Q: 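Provided herewith is a single structure, encoded as structure tokens, for subsequent inquiry.
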There are 2 protein chains.
Amino acid sequence: MDVSHLSLLRELAERGSITAVAEATHRTPSAVSQQLKTMQRELGAPLVERHGRGVRLTSAGNTLAAAAVDVATALSTAQAVWDEFRGSNSGTVDLVLFPSAGQLLLPRLLAKEDLLSGIELRCDDRDVRTEAFAALTADADIVVAHHVFEPPPWTGSRLTAVPLLREPLDIALPEDHPLAAKTTCSPRDVRGERWIGVPEGFPFDHLVKQIGDLAGQPVTVVQRLRDNRIIEALVAAGHGISVLPRYAQAATPGSGVVLRPITGLKAGRRMVALMRPDRAERRAVRQVLRGLTEAAAEITAGDSS
Amino acid sequence: MDVSHLSLLRELAERGSITAVAEATHRTPSAVSQQLKTMQRELGAPLVERHGRGVRLTSAGNTLAAAAVDVATALSTAQAVWDEFRGSNSGTVDLVLFPSAGQLLLPRLLAKEDLLSGIELRCDDRDVRTEAFAALTADADIVVAHHVFEPPPWTGSRLTAVPLLREPLDIALPEDHPLAAKTTCSPRDVRGERWIGVPEGFPFDHLVKQIGDLAGQPVTVVQRLRDNRIIEALVAAGHGISVLPRYAQAATPGSGVVLRPITGLKAGRRMVALMRPDRAERRAVRQVLRGLTEAAAEITAGDSS
DNA sequence: CAACTTTACGACTTACGTAAACATG
DNA sequence: CATGTTTACGTAAGTCGTAAAGTTG
């Protein structure tokens, strides 16, 4: 039972093709194919089978791939024990965040220089549908994801998930909007409004629909955009109202947009750090993760809505 | 972090010398020494240091060696998952028992041919001091050990210990001894008797001392022997009385020896299967272990003293 | 000097890349 | 025919054993 073979099988299970595994491991498809072959010869049973133009794992292969995760995790723990012993951080950490998490968390994270000393932190921002976050863990060490509804789609996917914070979602209005005079907004208040939404499947999308359901009338979404800055500009210009996260929005005063808490439903999103279990064991990853949780705590400190 | 290096370090931690590791892994000391060197070069810190004629682990080495156990265990689990999937047993199982455990358990174990099919079971019997059982796990897959007092000396040694059975220890008397007329024996009853004991440190030794303590008079041990058959013969011939395990002795009727339960103290020994945690994961090992627990259950069935 | 470890060096094994052939929608 | 996988073959790296040289009680 060879470890490099096991990790190969695991990568294949997660990435689905030999070519993808080869790219991820900086090798040629030829090398991967050969190793798979010797592995099957040693084990005495087929692990992959051809399927269309590519391959897929047999049930035997999937079974072994699951066990391979535990081996990789134990190995990562050993490395972490070693790094802990030496007090040194090993290598780089790839961190992926969705944009407003980056806006909120990154400045505070990067300020913790003592935590990050010796770590090369490579950040990337990605705005994807909720169910697409899990796949990002294949290449990134930490993926900061968010979800509005329970359970999040990565439950049961054998990923390590560390909760960071819950952020209230408010109704965003132009500051001259009649409703801006009120302190809160109910779904009924916003009946008939034109909405600036997000693409289907993005976290806030279903929440806007739910507001329509509670008001007894489907919402009218006139635009669908990802970037909150654009949404904010459209709302300020009176093209519609929207749902925006409270903390991220509070960071941009003078925008011409005001936020009003939604009554009648629990509107909030949760930010979570997602990791492959073996990567979660790395000392450097744990350091960055700790920085993220501390940053999150700083944001929620003094807010309790 | 290379797995073969980790397992090497672990072996060194458990066996104490490069030569011993080389023998256990069927290599030359040269090869082991070279691998240790490259390992330290890769990790960037010394793991072993010279100590007298041999070597010993640094604290860094010991730390890593502990983590290596978990890696080995995860790997064994993966192998077990695979064997389970294929329904086949992989390779051989080395089983070491102390003599009366062999006498009691082995016939019943070997009768379970369905459990053992495909497994090459190599048995060995060893009669050692209680604290020496743990060391036998370095070479055997399963070590059936026994102990009279709590806690057993292998607690805290990171070994997997599976309890098998508790066997009462009785006073062994010649059948024509005056005390044989009674149904039980108290420590006071046997005051002044001559004893056939076991070598110092062997499981029953301390128990005999304790009987003397309770009677208020040190016991006189006239002979110290390991083999219960010899002790039995000496007791039958009137050279003294002794302590013998009930189930093992019940298997040899017509010996001229009778057993009487001891009153006034809990006299019993516990048989335990000891294993390195990684070996305990192997499917074949688990099969044999299951056979042992079943055999033990058969022995205690219908006895409740 | 005996027990143990380390170094130098050559033989063997093995994983990889290149390049070409092989499948398949 | 584009995408993805496999095979043939030469190369480079690494592990091991032999033999000899260090170390230490």
Side-chain angles (χ1 to χ4, degrees), chain A residues 1-58 60-62 64-65 68 71-72 75 135 138-139, chain B residues 1-58 60-62 64-65 68 71-72 75 135 138-139:
Chain A
M1 193 66 59
D2 179 48
V3 185
S4 61
H5 286 167
L6 281 177
S7 83
L8 198 89
L9 192 66
R10 181 213 180 173
E11 291 293 340
L12 187 57
E14 296 196 3
R15 299 181 191 270
S17 88
I18 290 181
T19 308
V21 174
E23 280 172 11
T25 58
H26 309 292
R27 284 180 292 187
T28 59
S30 164
V32 175
S33 177
Q34 290 176 68
Q35 289 310 307
L36 271 174
K37 190 162 201 186
T38 60
M39 187 181 186
Q40 297 179 85
R41 180 163 37 76
E42 284 168 4
L43 291 174
L47 298 168
V48 298
E49 57 192 4
R50 296 213 59 138
H51 179 238
R53 276 188 295 200
V55 292
R56 83 177 154 196
L57 294 190
T58 62
N62 274 310
L64 249 197
V71 175
L75 259 176
D139 294 309
Chain B
M1 192 65 61
D2 180 45
V3 184
S4 61
H5 286 167
L6 281 177
S7 84
L8 198 89
L9 193 66
R10 181 212 180 175
E11 291 294 339
L12 186 57
E14 296 197 2
R15 299 181 191 273
S17 87
I18 289 181
T19 309
V21 174
E23 281 173 11
T25 57
H26 309 294
R27 285 179 292 187
T28 59
S30 163
V32 175
S33 177
Q34 289 177 72
Q35 289 310 308
L36 271 173
K37 190 161 200 187
T38 61
M39 187 180 186
Q40 296 178 89
R41 179 163 37 78
E42 283 167 5
L43 291 174
L47 298 169
V48 298
E49 57 193 6
R50 298 214 56 142
H51 179 238
R53 277 188 293 199
V55 294
R56 81 177 157 196
L57 294 190
T58 62
N62 274 311
L64 249 197
V71 175
L75 259 177
D139 294 309

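Proteins come first, then strands; the chains are lettered A, B, ... in the order of their sequence lines, and each starts at number 1. Model, not experiment: these values are computed from the prediction. Atom set for the values below is all heavy atoms of this structure, side chains included, hydrogens, waters and symmetry mates excluded.
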Q: Work out which heavy atom in A/Ser4 is nearest to a heavy atom in A/Ser7; give both atom names and the distance.
A: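 Answer, listing the atom of A/Ser4 first, then A/Ser7: O-OG, 3.2 Å.
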Q: So which one's nearest nucleotide on DNA chain C is more toward 5', A/Gln35 or A/His51?
A: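 The residue closer to the strand's 5' end, by nearest nucleotide, is A/Gln35.
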Q: How many Å lie between CZ on B/Arg41 and P on D/dA13, as a whole number?
A: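 To the nearest whole Å, that distance equals 13 Å.
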Q: Calculate the interatomic distance between A/Leu36 atom CG and C/dC16 atom P; express it in whole Å.
A: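 One finds 11 Å between P of C/dC16 and CG of A/Leu36, rounded.
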Q: Please determine, by modelled atom types, if B/Thr38 and B/Glu42 share a side-chain donor-acceptor pair under 3.5 angstrom.
A: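 No donor-acceptor contact under 3.5 Å links the two side chains.
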Q: Quickly work out the B/Met39 CE to D/dC16 P distance and round it to whole Å.
A: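 About 13 Å, once rounded to whole Å.
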Q: Is there a side-chain contact between B/Arg53 and the phosphate of D/dG25, meaning an N or O under 4.0 Å from OP1 or OP2?
A: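 Checking B/Arg53 against D/dG25: no side-chain N or O falls below 4.0 Å of OP1 or OP2.
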Q: Between A/Leu57 and A/Leu9, is any pair of side-chain heavy atoms under 4.5 Å apart?
A: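 Of all side-chain heavy-atom pairs linking A/Leu9 with A/Leu57, at least one is under 4.5 Å.
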Q: If you look at every strand shown and take non-hydrogen atoms under 4.0 Å, does A/Ser4 touch a base, only sugar-phosphate, or nothing?
A: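 Nothing: the residue A/Ser4, judged by heavy atoms under 4.0 Å, touches no strand.
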Q: Please report the distance, rounded to the nearest Å, between CD1 in A/Ile18 and C1' in D/dT7.
A: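 Roughly 13 Å, once rounded to whole Å.
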Q: Check whether any side-chain heavy atom of A/Asp139 lies under 4.5 Å from a side-chain heavy atom of A/Arg15, and answer yes or no.
A: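 In short, these two side chains touch, coming nearer than 4.5 Å.
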Q: Does a side-chain N or O of B/Ser33 approach OP1 or OP2 of C/dT7 to a distance below 4.0 Å, or not?
A: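 No, because none of the side-chain N or O atoms of B/Ser33 sits under 4.0 Å from OP1 or OP2 of C/dT7.
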Q: Within this structure, what is the CG-to-P distance between A/Asp2 and C/dT13, rounded to whole angstrom?
A: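 Those two atoms, CG and P, are 18 Å apart.
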Q: State whether the side chain of A/Ser33 and the backbone N or O of A/Pro29 hold a donor-acceptor pair below 3.5 Å, judged by distance alone.
A: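 A pair under 3.5 Å: no.
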Q: Would you say B/Ser30 places a side-chain N or O within less than 4.0 Å of OP1 or OP2 belonging to C/dT5?
A: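 It does not, given that no N or O in the side chain of B/Ser30 lies less than 4.0 Å from OP1 or OP2 of C/dT5.
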Q: Ignoring hydrogens and angles, answer whether the base of D/dG17 and the side-chain atoms of B/Gln34 contain a donor-acceptor pair closer than 3.5 Å.
A: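 A donor-acceptor contact between them is present.
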Q: Between A/Leu47 (CG) and D/dT6 (P), how many Å, whole number?
A: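 Rounding to the nearest Å, CG of A/Leu47 and P of D/dT6 are 12 Å apart.
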Q: Rounded to the Å, how far apart are A/Glu49 CD and D/dG4 C1'?
A: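 So the CD-C1' distance, A/Glu49 to D/dG4, works out to 16 Å.
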Q: Check whether any side-chain N or O of B/Lys37 sits under 4.0 Å from OP1 or OP2 of C/dT7, and answer yes or no.
A: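 So the side chain of B/Lys37 is within the cut-off, an N or O lying under 4.0 Å from OP1 or OP2 of C/dT7.
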Q: Taking the nucleotide of DNA chain D with the closest heavy atom to each, which residue, A/Ala20 or B/His5, is nearer the 5' end?
A: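 So the residue in question is A/Ala20.
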Q: Any base atoms under 4.0 Å from A/Val32, or only sugar-phosphate, or nothing? Heavy atoms, all strands.
A: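 Nothing, no heavy atom under 4.0 Å.
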Q: To the nearest angstrom, how far is A/Arg50 atom CZ from C/dG25 atom P?
A: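 Distance, rounded to whole Å: 9 Å.
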